[in-house]
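Just so you know, ligand 1 is whichever comes first in the structure, and atom 1 is the first atom listed for that ligand. All residue numbers in this chain count up from 1 along the given sequence.
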Amino acid sequence: MFKKILIANRGEIALRIIRTCREMGIKTVAVYSTADRDSLHVKFADEAVCIGKPQSSDSYLNMAHLMAAVEITNADAIHPGYGFLAENSKFAGICNDHGIKFIGPTPDMINRMGDKITAKDTMIKAGVPVVPGGKGLLQSVDEAKGLAKNMSYPVILKATAGGGGKGMRIVWQEEEMEKAYDTAKAEAAASFKNDGIYMEKFVEEPRHIEIQVAGDQYGNVCHMSERDCSIQRRHQKLVEESPSPFMTDELRQLMGEAAKKAASAINYESVGTVEFLVDKHRNFYFMEMNTRIQVEHCVTEEVINFDLIKEQIKIATGERISGNDYFPQMHSIECRINAEDPYNEFRPSPGRITTLHQPGGHGVRVDSHAYAGYVIPPYYDSMIGKLITVARTRNEAIDTMYRALSEYVIEGIKTTIPFHLQLMQNERFRAGDFNTKFLESFQLK
Ligand code: MV4
């Protein structure tokens, strides 16, 4: 087992990882930028090393600074959390070269899922359903027009180096193709230094349903059922839940097996997530695989009663997994508490938290690095915590969430709490009647 893990991250996920390490008897090293000097992850870790200036490129993304921190603290493994370097194959490779275990998959696995055309091709060969579309990169506008005519409009253009919605263009008719093609290519080049784009049939009003998986170093894989992440705004998830209100036992079986096939196809090692689009007829299509722990992993932990970070660390040490799948025993919902103003287009609202009271009680979990007096720096993402509830039924989990949100007091900054309070009372949300377009028509009162 590892003796000391360096956590290459900040905020609630750094704290989340420290907590599991404590339970496992593993020492922790926090790293922090000068803007995070007073952050909770710094106080709760056994050791802490400053790795640079506030800008992520000078600190949490700076591989040389991180490796120096590993060296001076004698850590034997790095946990990357999510975001920052979590899906950076170069960083995973550097860790390996220095004899430091990167707690996650190998660089090759990251690369095979990081390039979306490669990932899709791998899935087709493995027999995992993918959205119908063109084979490989588009070479010209004329090719794009021909393909789109064949599969019929609407279609969607995506960047092969993309993911998470960046650089996508929906094209409804041929007249729009030339402009969409050029802007998609230009955006891809600017965002990813790779202007490769490809085409898919546009699936209208889909749900975003993802399957948690785990694989070990010996080829065993299992799935841990689904999370519904359809409540998103501009590709930012706001609410996640497990199980999905749209799920059936049969669909879970099919999607679970498909997700395991996806993981097995790259001999996946670590915990990971296979994202699917699900249409109204319950057809499902592979979208992408996230080769990291995700923000919303907690709802899975609550419904299967299982510590995913502990599993991730155990797999990294070479432990075997049983290979048994996990099915939801409870219902869990997560609301992301962001320092944003929901009345003002979710504009970031950094600054000092003057008063803080966090909810508690039966069925309530708060994963947060916030405390009274904490100053939220403007340099990083605006999530200051996750409120997670668990109950036997979806209705009860929603009722508990409404009660817990009502107890939450955060003063000094604007937060997404008013948005969540209204969503929990929304009839369509309560009926489970939503898809990825739901928030476009949601009006905050
Ligand atoms: C799609 C799609 C419809 N059809 N692909 C958005 C994020 C990126 N991972 C892929 N995305 C989409 N791909 C086809 N062929 C619709 C989306 C999409 C979406 C997906 C999940 C959650 C929210 C979304 C919001 C808008 C569009």
**Q** Suppose we measure from atom 8 (C) of ligand 1 to each protein heavy atom; which comes out shortest, and what is that distance?
**A**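 Ranked first by proximity to atom 8 (C) of ligand 1 is G165 N, 3.6 Å.
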**Q** Evaluate E275 for polar contact with ligand 1, using N/O atom pairs at a separation under 3.5 Å.
**A**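 The answer is no, given that E275 and ligand 1 share no N or O pair closer than 3.5 Å.
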**Q** Hey, are R10 and D36 close enough for a salt bridge, meaning a charged N less than 4.0 Å from a carboxylate O?
**A**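 Salt bridge present between R10 and D36.
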**Q** Given E200, M168, K116, which one has a non-hydrogen atom that is nearest to atom 12 (C) of ligand 1?
**A**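 Residue with the shortest heavy-atom distance to the ligand atom: M168.
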**Q** Starting from atom 9 (N) of ligand 1, which protein heavy atom do you reach first, and at what distance in Å?
**A**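 Result: E288 OE1, 3.0 Å.
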**Q** Please say whether H235 places an N or O atom under 3.5 Å from an N or O atom belonging to ligand 1.
**A**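 In fact, backbone or side chain, H235 has no N or O that close.
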**Q** Identify the protein heavy atom lying closest to atom 13 (N) of ligand 1, giving its residue, its atom name and the separation to 0.1 Å.
**A**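 Result for atom 13 (N) of ligand 1: K158 NZ, 3.0 Å.
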**Q** Which residue and non-hydrogen atom of the protein lie closest to atom 20 (C) of ligand 1, and at what distance in Å?
**A**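 Result: L277 CD2, 3.8 Å.
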**Q** Please work out which of F202, F438, F276 has its closest non-hydrogen atom nearest to atom 16 (C) of ligand 1.
**A**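 Looking at heavy atoms only, the winner is F202.
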**Q** Is H208 close to ligand 1, meaning an N/O of one under 3.5 Å from an N/O of the other?
**A**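 Not met; the criterion fails.
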**Q** Could you tell me whether T436 and ligand 1 have an N or O pair separated by under 3.5 Å?
**A**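 No; the residue has no nitrogen or oxygen that sits under 3.5 Å from a nitrogen or oxygen of the ligand.
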**Q** Given that the side chain starts at C-beta and the backbone is N, CA, C, O, which of these parts of M287 lies under 4.0 Å from ligand 1, counting heavy atoms, or is it both or neither?
**A**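 The answer is the side chain of M287.
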**Q** Do R365 and E301 sit within salt-bridge range, that is, some charged N less than 4.0 Å from a carboxylate O?
**A**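 Judged by the 4.0 Å cut-off on N to carboxylate O distance, R365 and E301 do form a salt bridge.
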**Q** Indicate, as side chain, backbone, both or neither, the part of V203 found under 4.0 angstrom from ligand 1 when only non-hydrogen atoms are considered.
**A**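 Looking at V203 and ligand 1, atoms from backbone and side chain both fall under 4.0 Å.
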